[in-house]
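Single-structure report; data block below.
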Amino acid sequence: MRVLLLSINRLRFPYPVYPIGLDYVAAALAPAHEVRLLDLCPLEDGEVGPAIDSAVREFQPGAVGISIRNIDNLDRVRLQPFVSEMRAVVDRVRAATSAPVVLGGAGYTLYAAELLDALGADHGVVGEGERARALFDALEADSGAAHLPGVASRGAPAPPPAMGPPGTSPLRASPAVNPALGWYLRKGGILGVQTQRGCAFRCSYCTYPAIEGGTLRTFEPAGVAAEARRLEELGAKFLCITDGVFNGDPGHALAVAEAFRRTGLSLPWGAFFAPLRPPPGFYEAMARAGCTHVEFGTESLSDAMLPRLRKPFRRAHVLEAHAAARAAGLNLAHFLLLGGPGETPGTVDETLDAAEALSGAALFFFCGIRIHAGTEMEALARSTGQIATGQSLLEPVFYEPTAISLAAIAERVARRGAGRPEWITGSGADAAAALVARLHARGEAGPLWEKLVLA
């Protein structure tokens, strides 16, 4: 069967993110199915529809798979919902072909039944995208999909996400199968690699356990390093490790870094880290292996708020991790989520006061926490009446603390961050994105948020 795969994410802030998930799906489908990828991220608004029409007309697919990465941009201050854009894509596909439409991706998994109904698609893959192989096999054989694990069909209850067994490393097609590869190489040269799936943490707002499972499944470090070298040979200029939390298992992170070093990887790379108390020499080992960028999921610097968010660390651990990473010569960023349960003017000020001590780092502030289905925060919001019985979360809903409004939090952050280009929030995010885009256009590579610290 010919399968047309569409990556419909078009968000480019703070830089375009290569759709690594479709590489895994394409590898799972080949060689049984002939696959073609259409990536919409490089396209401008008026180019999307004609590109879909052209791809369908030229390829004549027997089925169309659509990857949904995000439901919205998660930013209360600069909110961008994406459901209407998704619907426009599905409608355009429907107008061009009668082939069945299959949804998948992280965003789809969170709202499987609702998105099938809202978008009018036929089937969906809930959980890991490699499961799509069995579905496309069934569609080609016209044998029905109701019996397949992790496969949803319109009008039926969505099944639980289907995950692979522990210890399995998924196959990945070369990013060269994506005709847009050159565009990503020109827009910062950032390509991604995954070293594990699943998350053992239980943060109250986080969707990773629902999307990838609550058990950490690590991939063999030598295989990860070999994949990284292939990306380097393709022209990548920066390697982004796409794990939810790279150091959830510090031993695995160290093993991957050592594999990079032994393989002779020369690409600079970065990852998302929890600001846990690091083992001795941890960040020095990261730096020796070529790591240049550390993004901390800090969320709050108030010891009253961190337990409410179910974070496995406290402010002292954040400061220790920050100091260790900075001493290793790494570029640092912290992501902060304000407005969770129990947030007050005092806890906001605690975070902002401590943030001033995070010298040499870019700070990304999000004033409002998006409530997603299946999280502890959803249960809390429903129990307190913030979300009505039967109300869908497909349209963005943000948690509202009782002691301070989200608008007041945003105003507080803006006031304290005035004149600090490294504090990115509100209109400052537009300026930061513009700076990064200009630097990429000049040929500089990587996420480049460290330039904001020097601006």
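- Put simply, OH on Tyr18 and CG on Leu185 are 9.5 Å apart, with the number rounded to the nearest 0.5 Å.
- Between atom CD of residue Glu114 and atom CD of residue Glu395 there is a gap of 10.0 Å, rounded to the nearest 0.5 Å.
- Side-chain contact between Val397 and Gln391 is present, with heavy atoms from C-beta onward closer than 4.5 Å.
- For residues 300-315, the set of pairs meeting the side-chain hydrogen bond (donor to acceptor under 3.5 Å, both in side chains) definition, not counting sequence neighbours, comprises Tyr205-Lys311, Ser300-Thr351, Ser302-Glu350, Arg310-Glu376.
- In this structure, the separation between CG on Leu79 and CG on Asn73 is 5.5 Å, given to the nearest 0.5 Å.
- Using the six-membered ring where Trp is involved, Phe273 and Phe296 have ring planes that are perpendicular, over 60° apart on the 30 and 60° scheme.
- Counting heavy atoms from C-beta on, the side chains of Val89 and Leu119 never come closer than 4.5 Å.
- Panel note: side chain Arg2, backbone Val35; no donor-acceptor pair is recorded below 3.5 Å.
- Looking at Met305 and Glu343, their side chains come closer than 4.5 Å, going by heavy atoms from C-beta outward.
- Using a 4.5 Å cut-off on side-chain heavy atoms (C-beta onward), Pro396 and Arg370 make contact.
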task = Start with the C-alpha distance between Cys203 and Leu309, add both sets of side-chain angles, then the distance that settles side chain to side chain contact (heavy atoms under 4.5 Å, CB included), and finish with yes or no.
result = CA-CA 6 Å; Cys203 304; Leu309 297 174; 6.0 Å; no
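- Using a 3.5 Å distance cut-off with no hydrogens or angles, the side chains of Asn178 and Tyr184 do not pair a donor with an acceptor.
- Between the side chain of His252 and the backbone N or O of Thr195, at least one donor-acceptor pair lies under 3.5 Å.
- Remark: the backbone N or O of Gly244 is not paired with any side-chain donor or acceptor of Arg197 at under 3.5 angstrom.
- For Leu358 against Leu363, the heavy-atom pair with the smallest separation is CD1-CD2, 4.1 Å.
- No side-chain donor-acceptor contact under 3.5 Å links Asp122 to the backbone of Val102.
- Interatomic distance, Ile211 CD1 to His372 NE2, rounded to the nearest 0.5 Å: 7.5 Å.
- For the atom pair CD1 of Ile71 and OH of Tyr108, the computed distance is 10.5 Å after rounding to the nearest 0.5 Å.
- Remark: side-chain polar atoms of Thr207 are not paired, donor with acceptor, to backbone N or O of Ala210 under 3.5 angstrom.
- Contact record, Ala55 with Leu4: CB-CD2, 4.1 Å, taken as the closest heavy-atom pair.
- Around atom CG of Leu171, no more than 12 heavy atoms belonging to other residues, nucleotides or ligands sit under 6.0 Å away.
- Within the 4.5 Å cutoff, no side-chain heavy atoms of Arg438 are placed close to those of Arg442.
- Annotation for Asp75 and Phe398: closest pair C-CZ, 4.0 Å, computed over non-hydrogen atoms.
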inquiry  = Quick one, Phe313 with Leu306, criterion side chain to side chain contact (heavy atoms under 4.5 Å, CB included). Give me CA distance, side-chain angles, the key distance, then yes/no.
reply    = CA-CA 7 Å; Phe313 52 82; Leu306 288 167; 3.8 Å; yes
inquiry  = Could you go through Arg217 and Glu212, starting from their C-alpha distance and side-chain angles, then the distance that decides it, and tell me whether this counts as salt bridge (charged side-chain N to carboxylate O under 4.0 Å, His left out)?
reply    = CA-CA 9 Å; Arg217 294 167 290 141; Glu212 295 190 348; 5.8 Å; no
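- Thr347 places a side-chain N or O within 3.5 Å of a backbone atom of Thr344 that can act as its donor or acceptor partner.
- When all heavy atoms of Gly62 and Pro100 are compared, the pair lying nearest together is O-CD, 3.3 Å.
- A heavy-atom distance below 4.5 Å is found between the side chains of Ile20 and Arg172.
- Between the side chain of Asn70 and the backbone N or O of Asp72 there is no donor-acceptor pair closer than 3.5 Å.
- A pairwise comparison of heavy atoms in His123 and Leu135 identifies CB-CD2, 3.9 Å as the closest pair.
- Taking the side chain as every heavy atom from C-beta outward, Asn331 and His293 approach each other to under 4.5 Å.
- Residues Met86 and Leu115 are in side-chain contact: their nearest non-hydrogen atoms beyond the backbone lie under 4.5 Å apart.
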Steps toward side chain to side chain contact (heavy atoms under 4.5 Å, CB included) verdict (Val256, Phe219) = CA-CA 9 Å; Val256 170; Phe219 304 162; over 6 Å; no
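- The aromatic rings of Phe335 and Phe364 lie parallel to each other, their planes meeting at an angle below 30°, with 60° marking the opposite boundary.
- Ionic pairing of Arg87 and Asp91 is not present here: no N-O contact between side-chain nitrogen and carboxylate oxygen is shorter than 4.0 angstrom.
- Smallest separation of non-hydrogen atoms from Gly297 and Phe272: CA-CZ, 3.3 Å.
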message = If you apply the rule salt bridge (charged side-chain N to carboxylate O under 4.0 Å, His left out), what do you find for Arg12 with Glu44, and how did you get there?
response = CA-CA 12 Å; Arg12 302 178 185 176; Glu44 302 304 326; 3.4 Å; yes
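- Side chain of Ser54 to backbone of Pro50: no donor-acceptor contact under 3.5 angstrom is found.
- Side chain of Glu400 to backbone of Ser405: no donor-acceptor contact under 3.5 angstrom is found.
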message = Applying side chain to side chain contact (heavy atoms under 4.5 Å, CB included) to Glu299 and Leu336, what does each step give before you reach the verdict?
response = CA-CA 4 Å; Glu299 321 309 16; Leu336 296 136; 5.6 Å; no
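- In this structure, Thr298 OG1 and His334 NE2 are separated by 5.0 Å, a value rounded to the nearest 0.5 Å.
- Not a single donor-acceptor pair under 3.5 Å links the side chain of Arg10 to the backbone N or O of Ser7.
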